[in-house]
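Owing to the predicted nature of the structure, the values given are computational and were not obtained by experimental measurement. Heavy-atom basis, side chains included; hydrogens, waters and symmetry copies ignored. Positions are given from 1, in the same order as the sequence printed here.
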Amino acid sequence: MDFKLSKRGILLIIWDVVFTYLAFFLATILTAQGSWLFVNTDWLFIFGLAAVINCLTLAIFKLYNTLWEYASVREMLLILAASTVSIVVSALVHYLSGERLPLRVYLATWLMLMIFTGVPRLFFRSLRSRRSIIRLSPTPIARRNTLVVGAGETGSLTINRMLGGDYSMKGVPVAAVDDDPAKIGMRIHGIKVVGNTAMIPELVQVYALEQIVVAIPSATPAERKRIYDICLETNCRLLTLPNVRDLRMDELDGVRLREVDLTDLLSRPEVKLNTRTVSGYLAGKTVLITGGGGSIGSELARQVALIAPLCLVLFDSYENTAYELQQELMRTYPDIDVRVEIGSVRDEQRLEQLFRQYRPEVVFHAAAHKHVPLMETNPREAVLNNVFGTMNAAQMAERFGAHSFIFISTDKAVNPSSVMGATKRMSEMIIQQMAERALSDALKDGGTHPATTFCAVRFGNVLGSNGSVLSLFKSQIAEGGPVTVTDPQVERYFMTIPEATRLVIQAGAMAKGGEIFILEMGEPVKIDDLARNLIRLNGLRPDIDIQVVYTGLRPGEKLFEELLMEDETTVATAVGGITVSTCKAVSEVEVAQKLAALAWCLDNNADVKGCLVAQVPTYRPGAAGAAGAAGAPGAAGAPGAPGAAGMRDTQRL
């Protein structure tokens, strides 16, 4: 039973209890049964039992969270059905308890219950109409000819509010469309359903439409994307609004039309966070997020805060964003201890101080250099931060007894063509090897669970993150263009920032040790289509109002990203949309040798990129990078390369 208890719902329950009593009282008087009322001292119990049954029945029929502002014949029929069931069940319970009332009492009560139940609910509808008049904008507003897509409840709400002059629903409804053949030809508040969604481009011309409102939020993501794609063929402004069934009744006045954005065009359902499964390892715990001020780290902090950790520690080298996030979280969650610590994961002493002070139980490692072209020209910094920074954080988590360590990887780690991707793949090897050793140590000690559970999460490009292509396109459009696309054939997997963080949090709850979790991200999206759709969503025409220019692939970039290496497959998990890679872990000795080789390259200013080629077998940087790898210092077994014994104790694996 979907029952959202709002203030209005509580008032309705009180009303229904009082007037159930009143209905039975009046029924006994009006049917000449008043003498029974005063003789039988159990009447309070009898009527109270009926009141409870009535309220439960109304709740089952969802009459406490129905949208009464937009009530219709359907809602009246629900009141009739609920009142009938309530009376029948009450009569049956009274009969079984031995407290019988005459049939005419039940019939009179049934009639009065329908009246008493319907009056307060219809009051909200009349009040809504009065508010619509009051809310008429005192100044002229844009009144675009509008097509409403969807003839259901949300579409009805949209049309009704537009006709009522609600200034938050700017537009004049001219026509509606729906893919249900039974609705075509019908009218909603006088507006005719003139066809199906395939006819939208034609209807835009026929009715001189300037705006389209997509009011079918209950449709599947694939259905919505299909409709959005049709709408984008027109030059109309494209809007949508939330599903009114997902809102409390007291939230209806806050419903507003909003622009359709690129996240709406993802052709798959978003990954949802199962709060029940993740609360056990986060609620009441000390949680550390490295890179806490970044796009992923900050959203991770917001999602974790929802689950009420004891202490949330944000560790970042850039103080401004971390401080702003701290202030936001302290305002929103005053009961959570939110701390900001400044430093770098490259600094072992700082990390040791941090872990010693807070002893975090859960660590989300989001700190990384992620900009692909920049890391191509700064490979040393990429290795220091992404590889040795990850190793430092993971070793501190193990040393100070963290329960979970979740490393954030990327699809660019699969058969990497970039320095950034190669460093992330190297970090995956570190995490898997540490997980394998932790489990082995646990088994030696007679246990089955490692002291620290290590896992990695691999996902694609994140829409709206700092430095993402979406941010670039938006700024280019705001400047009047051109919009630069590297190649018309480039494809990428995309997900939203909330999706990415939910995946990371969910992975921490599911991890047993050593997994690489992968989100099923649907079909890859062409960057060219992304750019052109974003231009259209801004009411402009690609190559006419805004030029699209192709600049060629940048160093380290691929035409197509991958989610699995050649020797990898995936295994489904209990959480829909999340799989686990079967990638085999590299041995402790081999990982130690790889890290020693990379450390030697850094210490001797050798060819870092060439060394990465040697240490990450799947790294294919192209002809130039491969040529430099042939005699790369630090390649396993190369002259001058140190063995595992040459590493510092703190780098032991």
Side-chain angles (χ1 to χ4, degrees), residues 4-8 10 168 241-242 246-259 261 263 270-276 278-345 354-355 357-367 404 406 408 462-468 470-471 474 495-506 508-509:
K4 301 176 182 178
L5 192 60
S6 63
K7 292 180 180 179
R8 185 185 298 181
I10 294 173
S168 68
L241 71 166
D246 292 338
L247 302 173
R248 299 192 309 269
M249 289 184 290
D250 56 1
E251 293 178 322
L252 284 174
D253 287 340
V255 175
R256 297 291 184 269
L257 291 174
R258 67 168 177 83
E259 303 281 350
D261 57 39
T263 61
E270 281 199 333
V271 172
K272 300 298 183 183
L273 184 63
N274 188 332
T275 306
R276 180 181 58 82
V278 304
S279 60
Y281 90 105
L282 290 176
K285 305 294 174 59
T286 297
V287 179
L288 168 65
I289 301 176
T290 69
S295 303
I296 299 297
S298 59
E299 184 62 25
L300 264 173
R302 295 183 185 97
Q303 299 274 353
V304 170
L306 288 169
I307 310 171
L310 176 66
C311 180
L312 183 56
V313 184
L314 309 175
F315 184 63
D316 204 293
S317 59
Y318 184 56
E319 70 273 18
N320 289 352
T321 54
Y323 174 76
E324 290 169 1
L325 178 62
Q326 180 190 35
Q327 297 307 303
E328 173 193 330
L329 293 175
M330 289 173 65
R331 288 193 303 270
T332 310
Y333 306 99
D335 57 326
I336 297 176
D337 185 12
V338 182
R339 304 289 185 91
V340 167
E341 297 288 343
I342 303 303
S344 171
V345 292
L354 180 76
F355 275 81
Q357 177 180 353
Y358 292 102
R359 297 189 178 271
E361 295 156 280
V362 180
V363 179
F364 292 102
H365 181 53
S404 302
I406 301 97
I408 298 175
V462 180
L463 284 172
S465 62
N466 293 334
S468 71
L470 179 59
S471 302
K474 284 182 175 180
M495 60 194 307
T496 65
I497 293 177
E499 266 190 310
T501 55
R502 290 175 197 140
L503 172 63
V504 172
I505 293 172
Q506 194 76 59

Please examine the side chains of [Y] and [X], heavy atoms only from C-beta on, and report whether any two atoms are closer than 4.5 Å.
X      : Y      : result
Ser404 : Ile406 : yes
Pro309 : Val287 : yes
Thr290 : His365 : yes
Leu300 : Ile408 : yes
Ile289 : Val313 : no
Leu288 : Phe364 : no
Leu329 : Ile336 : no

Inset, instruction - Can you measure from OG (Ser298) to CD (Gln303) and round to the nearest 0.5 angstrom? - result: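 The OG atom of Ser298 sits 10.5 Å away from the CD atom of Gln303.
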
Inset, instruction - Determine, stepwise, if the pair Leu354 / Phe315 fulfils side chain to side chain contact (heavy atoms under 4.5 Å, CB included). - result: CA-CA 9 Å; Leu354 180 76; Phe315 184 63; 3.7 Å; yes

If I compare all heavy atoms of [X] with all of [Y], which pair ends up nearest, and what's the gap?
X      : Y      : value
Asp316 : Tyr318 : OD1-N, 2.8 Å
Lys285 : Gly280 : NZ-O, 3.1 Å
Ser295 : Ile497 : O-CG2, 3.9 Å
Ala367 : Gly291 : CB-N, 3.6 Å
Leu314 : Ala301 : CD2-CB, 3.8 Å
Ile342 : Ser317 : CG2-O, 4.2 Å

Legend entry - Exceeds 12 heavy-atom contacts within 6.0 angstrom, atom OH of Tyr323: no

Inset, instruction - Would you check if there is a donor-acceptor pair between the side chains of Glu361 and Tyr281 at a distance under 3.5 Å? - result: no

Inset, instruction - Show the numbers, then the answer: is there a side chain to side chain contact (heavy atoms under 4.5 Å, CB included) between Arg339 and Leu312? - result: CA-CA 6 Å; Arg339 304 289 185 91; Leu312 183 56; over 6 Å; no

